[in-house]
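In what follows, chains are A, B, ... by sequence order, proteins preceding strands, each numbered from 1. Since the structure is predicted, the reported quantities are computational estimates derived from the model, not experimental observations.
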Amino acid sequence: MRMSKLFGKTSKTEGSDYKIPSHRLLTQAGYIRESTAGRYYLLPLGLKVHDNIMRVVRKHMDAADAQEVVMPTLHPLELWRETNRTTSVSFELMKVTDRRGAEFALGGTAEEMAVDLVRKFNVSYKDLPFTIYQFSNKFRDEMRARGGLLRVREFMMKDAYSFGTEEQFEAVYKQMWKAYEDIFAELGLKVDVVAADNGYIGGEYCHEFVAESENGESRYFIDPQSGYAAHEDVAIFKVDDKNLDEPAQPMQEVAAERGKTMEDGVKHHNLPLWQQIKDVLYFDEATGRYILAVIRGDLNVNETKLMQASGAWELRPATDDEIRNDLQSEPGFISPVGITKKGVQTGRELVIVGDKSLRSARNMYGGTNKKHQDLLNINIDRDYALDIEADIALAEPGFISPDGGALVEKRGIEVGNIFQLGYHYSNLMKDAEFTDEEGKRQKYYMGCYGIGIGRTLAAIVEAHHDQKGILWPTSIAPFSVVICQLGTDDEVVNAAYDMYKKLTDLGVAVLYDDRTDARPGEKFADADLLGIPYRVIVSAKTVASGSFEVKRRDSDEAEMLDLEGVIKMTVTNIR
RNA sequence: CGGGGAUUGGCGCAGUUGGCUAGCGCGCGCGGUUUGGGACCGCGAGGUCGAAGGUUCGAGUCCUUUAUCCCCGACCA
């Protein structure tokens with residue numbers, strides 16, 4: 001490619017709206033350009049990198065026995081109704097209607113489409129297991145786009161769907177896990193594999209592949225000793241026992257003229273925070289129930305775990321009005337002891353969900369559901385009962401992992417994930433079945449596996465850049481070599497063109513900076529900004545000496561090589 | 001959707017308490033001198049100041065409505 005003809009210019013000035021390095025560098029170097037918030041043009045350079053990432057992903061998916069297909073972008077809304085996801089997905093579905101009034105969803109993920117495709121073929125156990133995948137633009141009407149390519153409303157995703165029996169699933173899941181490790185390794189992206197929450201996709205467990213970055217949106221915890229890694233939503237930890245050797249004391253009601261915070265309770269009674277009972281009252285819009293989360297005072301409630309444990313879907317904090325008038329309690333003095341289980345005004349049910357940490361302490365203290373009255377020596381089972389007992393505690397840095405090490409908090413970009421879907425979709429969708437050995441119909445057991453291509457591209461830039469620009473890993477660089485032609489003398493131009501031609505004929509992706517109106521400094525700055533792995537300089541000086549200056553983007557040292565040397569170096573270092 | 005900030009040639013910005021043909025830098029075009037880390041001189045093109053309405057003799061500047069964008073929160077590849 002001749003740089004003089006390249007569409008998409010580099011820019012010396014940077015926009016003030018570009019807050020994170022990948023967004024700024026990709027825009028400044030002419031890889032991408034924003035259309036509207038969360039929708040981007042991929043320019044020729046950006047498309048090359050994008051294609052290269054897809055090529056790597058495709059290679060490893062194929063190697064893992066997945067088969068590529070293409071699904072329509074417009075999904076019949078009927079299919080989404082079949083799984084009730086017209087209302088339950090967290091990202092807003094974008095819908096379109098055709099001239100006949102048929103409704104479609106713009107695909108944001110394609111579980112239903114995959115199942116619908118497979119069920120058309122009436123598969124048998126002999127066909128299982130198998131995995132299909134596609135690359136397609138996904139549409140998600142996100143509340144807020146953010147950070148350039150990091151969170152957008154329209155993006156290329158590789159999504160794969162596996163079909164098989166429950167017995168076969170573990171091997172398939174591991175195969176995909178391995179494929180993902182190979183993909184990100186080849187892309188030059190270090191990732192942590194963390195256990196995460198399935199959310200709206202359904203199923204029981206999943207793992208996220210997260211590239212550590214301060215600009216990422218995923219918070220997760222790792223135990224560096226054991227390798228335990230989990231998203232903050234699902235991270236578990238060991239709760240220490242406090243005073244279980246203490247005998248249970250008789251419960252006692254006392255006057256407590258205090259404020260409503262936990263600290264007020266600690267101060268008033270001069271007792272430790274951990275001994276206080278923390279009560280957090282929610283209302284679930286989805287099921288119309290109050291959820292009272294009860295936990296040891298020094299811990300916080302993890303709403304994701306709480307939703308999992310209680311079956312709630314749309315939690316919001318209960319209002320003071322609801323607490324006082326419907327539940328006859330008092331903000332700051334809520335207590336599982338004697339709280340009404342049914343709203344007196346609305347008749348709404350109240351479910352008490354208690355954290356297992358409540359069993360790590362005795363003789364706890366807390367409110368009475370009456371203002372300025374507290375209870376001392378509250379003991380679980382004896383004084384109150386839980387409807388649901390579960391782990392609903394939020395992990396914090398320094399807590400002890402299940403393996404015994406201290407948890408470290410990290411932040412990163414979620415570039416891919418693998419989900420166990422189980423029977424979730426085959427239960428919801430008709431005829432999602434295969435014929436087994438005995439001729440009986442059985443549900444498929446499924447998994448799904450996604451990688452965001454644009455986000456991965458941005459994550460690679462986040463991980464590989466310096467003051468001057470991008471440093472592409474050779475596996476995905478838009479060009480392997482940039483030839484900087486300095487000067488316009490015939491010998492220089494001829495030598496540069498000759499090298500460009502020879503390398504190109506050998507299959508090396510070469511960017512030939514043939515611009516006659518750019519001075520050397522500008523060419524160097526652009527080469528650095530663009531992040532091409534190798535830079536070769538052809539100038540009057542080098543032509544006279546019969547050798548060329550070759551420098552790696554990630555090194556400060558150049559070496560002088562003749563044409564044969566340049567060819568050898570670049571050809572052996574390309575993919 | 002809640003909170004904060006912004007919108008003036010392709011990009012980055014200035015524009016005072018309302019006042020004259022709306023400026024600067026970069027970039028772009030033409031001519032020339034240059035050529036190893038973003039050169040210089042000359043000439044030139046390009047803006048109904050996000051949009052609509054209002055106040056005023058007069059609006060980029062004041063008021064109302066509205067659109068878009070950025071940042072922080074709840075979601076995700």
Side-chain angles (χ1 to χ4, degrees), chain A residues 8-20 23-24 27-28 30 33-39 53 57 89-92 108-110 135-160 180 191 196-201 206 208-211 215-218 231 233 303-304 314-317 412-419 448-459 468-469 484-489 492 515-529 535 537-542 549 551 556 558:
Chain A
K9 293 187 188 308
T10 59
S11 166
K12 201 156 52 166
T13 50
E14 51 189 71
S16 56
D17 278 347
Y18 310 129
K19 313 287 181 190
I20 68 165
H23 190 196
R24 177 173 61 79
T27 304
Q28 212 180 324
R33 188 69 176 229
E34 190 177 69
S35 164
T36 57
R39 300 177 205 281
I53 294 172
V57 172
V89 266
S90 59
F91 62 85
E92 195 70 21
T109 173
F135 289 96
S136 72
N137 278 317
K138 298 295 185 288
F139 297 83
R140 297 186 178 182
D141 197 3
E142 297 279 349
M143 298 278 202
R144 181 160 87 87
R146 195 196 81 95
L149 258 25
L150 284 186
R151 183 171 57 192
V152 296
R153 301 198 165 100
E154 204 179 311
F155 61 97
M156 177 65 70
M157 179 165 86
K158 185 282 300 174
D159 45 327
Y180 271 39
V191 291
D197 179 53
N198 281 44
Y200 66 89
I201 301 227
C206 80
E208 292 181 353
F209 288 69
V210 183
N215 292 313
E217 300 187 89
S218 290
H231 192 92
D233 289 345
E303 292 187 8
T304 302
E314 261 184 280
L315 286 182
R316 63 158 172 84
I413 301 163
E414 183 191 345
V415 287
N417 62 21
I418 53 179
F419 283 90
C448 78
Y449 317 87
I451 293 179
I453 305 300
R455 184 181 279 184
T456 299
L457 194 158
K468 295 173 178 171
C484 290
Q485 168 190 298
L486 305 187
T488 51
D489 296 342
V492 172
R515 292 175 297 175
T516 52
D517 56 351
R519 293 163 54 82
E522 192 175 344
K523 294 194 175 194
F524 297 149
D526 277 345
D528 290 339
L529 178 61
R535 185 187 76 186
I537 292 175
V538 181
S539 68
K541 244 190 271 178
T542 64
E549 181 187 313
K551 190 182 90 63
D556 287 329

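The residue A/Gly216 sits apart from the nucleic acid: no heavy atom pair falls under 4.0 Å. Within 4.0 Å of A/Met143, counting heavy atoms only, lies at least one base atom of the nucleic acid. Base engagement by A/Asp526 is indicated by at least one non-hydrogen atom pair under 4.0 Å involving a base atom. No engagement by A/Thr304 is indicated, since no non-hydrogen atom pair under 4.0 Å with the nucleic acid exists. Residue contacts for A/Lys19: at a heavy-atom cut-off of 4.0 Å it reaches the sugar-phosphate backbone alone, with no base atom in range. Among the heavy atoms of the strands lying under 4.0 Å from A/Ile537 is at least one base atom, whether or not backbone atoms are also near. Among the protein residues, A/Ala525 comes within range of the nucleic acid bases, having at least one heavy atom under 4.0 Å from a base atom.
Contact check for A/Leu149 versus A/Phe155: no side-chain heavy atoms found under the 4.5 Å cut-off. A/Ile537 places a side-chain heavy atom less than 4.5 Å from the side chain of A/Phe524. A/Glu208 has its side chain out of reach of A/Val191: every pair of non-hydrogen atoms, C-beta onward, lies at least 4.5 Å apart. Residues A/Pro520 and A/Leu486 form a side-chain contact, since some pair of their non-hydrogen atoms from C-beta on lies under 4.5 Å apart. In this structure, A/Phe139 and A/Asn137 have side chains that are in contact, with non-hydrogen atoms separated by less than 4.5 Å.
The partner of B/C76 cannot be assigned: no Watson-Crick or G-U wobble pair with both contacts below 3.5 Å exists in any strand. Searching all strands for a Watson-Crick or G-U wobble partner of B/G19 with both distances below 3.5 Å returns B/C57. Using the Watson-Crick or G-U wobble rule with both distances under 3.5 Å, B/U66 pairs with B/G50.
Closest approach of A/Gln28 and A/Leu529 over heavy atoms only: O-CD2, 3.8 Å. The two residues A/Ala458 and A/Leu150 come nearest to each other via the heavy atoms CB-CD2, 3.9 Å. Heavy atoms only, all atoms of each residue included: A/Arg153 and A/Ala37 are closest at NH1-O, 3.0 Å.
Among the nucleotides B/A77, B/C75, B/G36, the one closest to any side-chain atom of A/Glu549 is B/G36. Here the side chain of A/Thr36 is nearest to one of B/A77, B/G37, B/C69, namely B/C69. The side chain of A/Lys541 lies closest to B/G36, out of B/A77, B/G36, B/C69. In this structure, of B/C76, B/A77, B/C70, it is B/C70 that holds the atom nearest to the side chain of A/Glu34.
Taking atom P on both nucleotides, B/C24 is separated from B/A45 by 13 Å, rounded to a whole Å. B/G42 and B/G37 are spaced 25 Å apart, taking the P atom of each and rounding to whole Å. Using atom P as the reference point in both B/G53 and B/A59, the two lie 14 Å apart (nearest Å). Nucleotides B/G12 and B/C71 have their P atoms positioned 14 Å apart, rounded to a whole Å. As rounded to the nearest Å, B/C63 and B/G18 have P atoms that lie 11 Å from one another. B/U65 and B/G2: their P atoms are spaced 15 Å apart (whole Å). Spacing of P atoms, B/G32 relative to B/U68, comes out at 49 Å, to the nearest Å. Of the P atoms belonging to B/C13 and B/C70, the separation is 15 Å, rounded to the nearest Å.
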For nucleotides 26-35 of chain B, 5' to 3', base contacts (B), sugar-phosphate-only contacts (S) and non-contacts (-) with protein non-hydrogen atoms under 4.0 Å give --------BB

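Nearest-nucleotide positions on RNA chain B place A/Gly148 closer to the 5' end than the other of A/Gly450 and A/Gly148. Projected onto RNA chain B by closest heavy-atom contact, A/Thr542 and A/Leu149 fall at different nucleotides, the more 5' of which corresponds to A/Thr542.
When the C1' atom of B/A77 is taken as reference, atom NZ of A/Lys158 falls 10 Å away, rounded to whole Å. For the pair A/Arg146 CZ and B/A74 P, the interatomic distance rounds to 12 Å; values are reported in whole Å. Between the CZ atom of A/Arg153 and the P atom of B/A77 there is a distance of 17 Å, given to the nearest Å. Whole-Å rounding puts the A/Lys523 NZ to B/A39 P distance at 13 Å. Following rounding to the nearest Å, A/His231 (NE2) and B/A77 (C1') show an atom-to-atom distance of 13 Å. A/Phe155 places its CZ atom 12 Å from the C1' atom of B/C75, with the value rounded to the nearest Å. One atom, CD of A/Glu414, and another, C1' of B/A77, lie 6 Å apart when rounded to the nearest Å. Distance, A/Glu303 CD to B/A74 P: 10 Å, rounded to whole Å.
A donor and an acceptor atom, one from each side chain of A/Ser136 and A/Lys138, are located under 3.5 Å apart.
Side-chain nitrogen and oxygen atoms of A/Arg144 include none within less than 4.0 Å of the OP1 or OP2 phosphate oxygen of B/C70.
Side-chain to base pairing of A/Arg535 with B/G37: one donor and one acceptor N or O lie within less than 3.5 Å of each other. Judged by distance alone, with hydrogens and angles left aside, A/Arg140 brings no side-chain donor or acceptor close enough to the base of B/C75 to form a pair under 3.5 Å.
The only option from A/Lys12, A/Arg519, A/Arg515 that meets the salt bridge (Lys or Arg N to Asp or Glu O under 4.0 Å) definition with A/Asp526 turns out to be A/Arg515.
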